[in-house]
Structures are given as structure tokens and as C-alpha cells.
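Below is one structure; the comments refer to it alone.
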Amino acid sequence: MNVADTERAATGLRNAGYELTASAEAADVVLFNTCSVRERAEQKVFTRIGEVRHQAQHSGKRGKPLIGVMGCVAQLEGDAIFQNTPAVDLIIGTRATDRIPSLIERARGGEADVIDLGERQEGEFWEVSPAERRSPYVAFVPIIEGCNKFCSFCIVPYSRGREKSRSALEIVAEVQRLRSFGYKEVHLIGQNVNSYRPLSPEGLERYAGATAFSRLLRAVADTGMQRIKFTTSFPRDFHPDIVAALEECPNLCDWIHLPVQSGSNRILKAMRRGHSTDDYLRRVDAIRGSKRRLSLTSDIIVGFPGESEDDFEDTMRLVRACEYDGLFIFKYSKRTGTPAAMLADAVPEGEKTARFLALEELQSSLQNKIYNDYTGRTVSVLVERESARSSEDMTGHSTCHKVVNFRSQQTAPGEIVDVLISQAKPYSLYGELMSGRAA
Ligand code: SF4
């Protein structure tokens with residue numbers, strides 16, 4: 001979401017006549033797009049602001065750069081930032097991205113401490129110019145922002161506000177345009193994509209489906225975009241019709257990210273996740289029962305306050321049952337401003353680390369087996385760049401979102417090729433380019 005926000009801010013600034021510089025030292029305006037999911041990321045921003053201010057003072061450049069903070073830290077801390085970090089001139093909340101040019105103008109006009117923590121306005125422009133996108137082949141397309149779920153450990157509902165879905169007409173038109181510009185893959189993104197609920201069904205009329213999201217998937221697939229991925233899915237809102245849509249439309253990629261966070265019902269309740277392990281496993285059964293082999297990944301937090309040995313064993317059991325293709329494991333860290341930060345019964349740091357390592361070991365043994373099963377199979381890969389390890393190899397992602405490296409044989413970034421997997425590594429696959437290239 002932060003990458004998408006940066007691209008969107010850059011689009012608005014370029015339209016207003018600004019140019020992007022390659023370095024902060026050369027800039028007249030420096031904007032920090034911030035993340036507050038982890039407290040450490042937040043602290044790093046203020047260190048970096050100090051560095052930029054210091055460099056500017058010693059660079060000999062006339063006039064100080066205007067410094068702005070945008071994103072989640074701006075939204076949460078608000079004008080306290082002006083008091084704690086006087087170098088900051090501008091605070092831009094998470095829903096003020098489109099108003100950045102006018103906020104900068106106010107600050108340049110001499111107004112002190114310019115701040116906008118307001119809501120988005122009707123008719124705002126979500127689309128990003130291709131010139132500002134990170135990749136000419138893969139594009140992020142936000143479909144929903146904000147979150148109404150209020151998991152007890154998470155700051156996002158406070159920093160990003162309530163869920164707001166973008167119109168299907170607009171999303172489909174953007175994907176069509178991306179296709180005409182030569183993009184090969186889109187990622188439909190949002191904190192919870194499957195909670196998608198647009199104000200009107202406009203743009204979805206021709207598409208059947210049990211939920212607005214599964215109808216949107218069919219509508220986006222109908223654009224003919226070659227590869228469509230989506231992330232993140234929230235378990236409670238995961239309807240089996242999503243699996244049906246994936247079976248009907250081959251250009252919907254075979255990868256689902258479905259964070260569970262814990263395998264213990266007691267801890268899931270304390271996390272206020274709104275689902276039990278049984279609810280979750282029913283969704284996994286629907287995914288595993290699909291006619292397509294769907295890759296499944298998840299997130300887990302270990303060491304949530306009050307997590308006992310037994311709770312952790314439940315998590316280990318769930319991970320064994322789900323056989324994830326990939327798992328992002330986090331040690332719980334207290335986030336000020338969330339309900340969980342008030343909970344007593346913290347798990348000692350050493351215990352958290354031990355659980356993290358035990359879960360990591362289990363996952364890596366399960367994952368090895370899954371990756372080994374790919375040997376001898378052919379996967380479709382979108383070539384992204386030369387491999388960092390060897391100039392003779394290229395790297396990209398499969399439709400099932402695995403990193404695949406292969407001997408290049410003059411393939412170019414942006415091509416979609418078939419690769420026969422010959423070797424499984426812990427977090428990637430290695431193979432040979434098939435003679436007949438894919439489209
Ligand atoms: S669903 Fe829960 S974890 Fe995900 S963004 Fe919302 S509150 Fe945070």
C-alpha cells in the first residue's frame with residue numbers, strides 16, 4: 001500500500017509541475033512516506049529526517065528543503081510531530097495524498113506547520129501514471145483502503161481509517177489501460193481485498209458471483225490482463241466463490257495469501273480476529289479442494305500476550321495441517337495505541353524467540369517438501385530482471401508467486417516464459433527455459 005501511495009503522490013506532483021530528483025540533497029521538497037505497523041519503522045523516520053536536515057545544512061545549497069511527513073505516522077502523530085521534530089514543515093495524513101501539491105504551495109507561500117489529516121474527497125483521482133510506477137510490467141491497483149476489523153494488535157484501522165472501496169468501473173478501466181500500456185500483471189491490493197464493497201454495482205452488472213469481490217475478480221479477468229494477483233484476503237470474508245472464480249478464469253493467478261495469525265482459539269479471541277481455527281480450516285479446505293493447485297501463504301504472530309505453550313502447540317498443529325507454501329512469522333511486538341498494548345502477561349523475549357525458531361524450522365521442513373514437488377513441473381514465469389547471484393541467470397515470479405531463477409538464454413524483463421523446474425532451494429525454484437516460449 002505504501003508503494004502504491006508513493007506512486008500516487010508522485011503522479012499528482014508531476015501533474016502539478018514538480019520533478020522527482022534522484023537524491024534528497026538536490027531536492028527543494030523532501031517527503032517521507034511512513035509506515036507505523038512496527039514501532040521501529042516509526043523511529044527510523046525521525047532519524048532519517050535528522051540526517052536530511054543535517055546534510056542540507058552542510059551542502060552549501062541555498063535555502064532549506066521543505067520537509068513533509070506523509071502516511072501512517074503523519075496520520076497517527078498529527079501535529080505532535082511539529083513539536084517533537086521542528087524540522088518538519090508539512091504533515092500529510094493517509095487520506096490527503098491527492099492534496100499534496102496544494103499543501104506544498106501553502107508551505108512554500110510561508111504558512112507555518114501545514115497539516116491535513118482530513119478524509120478523501122468525492123471524485124478523487126486514484127490512478128497512477130505509468131511513468132511513476134516501479135515496474136513497467138507489474139502494477140499495483142488499490143481496490144479498497146482502510147480497515148474495519150480492529151484486530152487488537154494492529155494500528156491500521158487507526159492510521160488508515162474505515163474501509164472505502166473504489167468503484168468497479170474505475171478499477172476495470174485502469175486495468176484495461178495498463179494492459180494497453182503493455183503491463184503483464186496486476187496486483188489488486190488492499191488491507192482486506194475480499195471485504196470489497198463498492199457503493200454501487202456499476203461495472204459488475206455482467207458478472208455473477210456470491211460477493212462483490214468475486215464479481216470484481218471475474219470482471220478484471222475479463223479485461224484479458226495476462227496475470228492477476230490479489231492480496232490480502234481476510235479469513236472471515238473469504239467466500240468459496242473466490243475459489244470458483246479462480247477455477248473459471250485461468251488469468252486469475254493460483255496464489256492466495258490468507259493470514260491466520262494464530263492456531264489457538266483462545267489467542268484468536270484475544271486478537272479479536274473474528275474467526276476461529278475451524279472457520280479458517282473450512283476456508284483452507286475449499287482452497288485445497290480446488291481443481292487447480294492453489295498456492296497458500298499466511299502470516300503468524302508468535303508470543304502474543306498470554307500465549308501459553310499449549311496455545312503455541314495449537315499453532316504448530318494448524319501449520320502442519322495447512323501445509324503453507326510460505327509463511328511470514330513475526331514475534332509479537334507491542335504497538336502503542338492498540339488494545340493489545342494494554343494486555344498484561346507478556347511472553348518473555350527469549351520464549352518468543354524460541355517459538356519463532358521452532359515454527360520457522362517446522363515451516364521450512366514443510367516448505368522443502370512442497371518446493372521439491374515442483375521439480376519436473378513447468379511453471380509460467382514473468383521475467384523481472386537479471387538474478388543478483390549470477391549474470392547468466394534471470395529471475396521472476398511464477399503465477400503461484402514463487403521466485404524462479406533460470407538460465408537466461410536471451411530472455412528480457414517483461415517476457416512471460418515457461419520454465420521447467422530442475423531444483424528446489426529453500427525460498428526459490430531453479431529451472432531451464434523451455435524451448436517454446438509462452439505468450
Ligand atoms: S484485518 Fe486486522 S491485521 Fe489486517 S489490517 Fe485490519 S486490523 Fe490490521
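All values below were derived from every heavy atom in this structure, side-chain atoms included, with hydrogens, water molecules and symmetry-related copies excluded. Please read these numbers as outputs of a predicted model, since none were measured by experiment. In listed order, ligands and their atoms are each counted from 1.
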For this session: State whether Cys154 contributes an N/O/S atom found under 2.8 Å from atom 6 (Fe) of ligand 1.
Result: no

Exercise. What is the ring orientation for Trp255 with His401, classed by angle as parallel under 30°, tilted 30 to 60°, or perpendicular over 60°?
Worked result: parallel

Exercise. Given that the side chain starts at C-beta and the backbone is N, CA, C, O, which of these parts of Pro259 lies under 4.0 Å from ligand 1, counting heavy atoms, or is it both or neither?
Worked result: neither

Exercise. When you check the side-chain N and O atoms of Ser264 and Lys269, is any donor under 3.5 Å from an acceptor?
Worked result: no

Problem set entry | Contact partition for Thr232 relative to ligand 1, non-hydrogen atoms under 4.0 Å | neither

For this session: Using the ring-ring contact (aromatic ring centres under 6.0 Å, His included) rule, take Tyr332 and Phe304 through it: C-alpha gap first, then chi angles, then the decisive distance, then the call.
Result: CA-CA 5 Å; Tyr332 173 77; Phe304 187 80; 5.3 Å; yes

Exercise. How does Phe150 reach ligand 1, if at all, at less than 4.0 Å between non-hydrogen atoms: by side chain, backbone, both, or neither?
Worked result: backbone

For this session: Could you list the atoms of ligand 1 found under 4.0 angstrom from a heavy atom of Pro157?
Result: 7 (S)

Exercise. Is the gap between the ring centers of Phe230 and Phe213 under 6.0 Å?
Worked result: yes

Problem set entry | Distance filter under 4.0 Å to Asn192 heavy atoms, resulting ligand 1 atoms | 1 (S), 6 (Fe)

Exercise. Can we say Glu174 and Arg177 salt-bridge, meaning some charged N sits less than 4.0 Å from an Asp/Glu carboxylate O?
Worked result: no

Problem set entry | Contacting atoms of ligand 1, where contact means under 4.0 angstrom from a heavy atom of Phe234 | 1 (S)

For this session: Assess the side chains of Asp311 and Ser308: does a donor N or O sit below 3.5 Å from an acceptor N or O?
Result: yes

Exercise. What atoms in ligand 1 come closer than 4.0 Å to a heavy atom of Gln191?
Worked result: 5 (S)

Exercise. For atom 6 (Fe) of ligand 1, which protein heavy atom lies nearest, and how many Å away is it?
Worked result: Cys147 SG, 2.2 Å

Problem set entry | Side chain, backbone, both or neither: the part of Arg273 lying under 4.0 Å from ligand 1 by heavy atom | side chain

Exercise. Any chance CG of Leu20 has more than 12 other-residue heavy atoms, nucleotides or ligands included, within less than 6.0 Å?
Worked result: yes

For this session: Say whether Thr94 and Gln75, considering side chains only, have a donor N or O and an acceptor N or O under 3.5 Å apart.
Result: yes

Exercise. What atoms in ligand 1 come closer than 4.0 Å to a heavy atom of Val156?
Worked result: 5 (S)

For this session: Starting from atom 7 (S) of ligand 1, locate the nearest protein heavy atom and write down its residue, its atom name and how far away it is, to 0.1 Å.
Result: Cys151 N, 3.3 Å

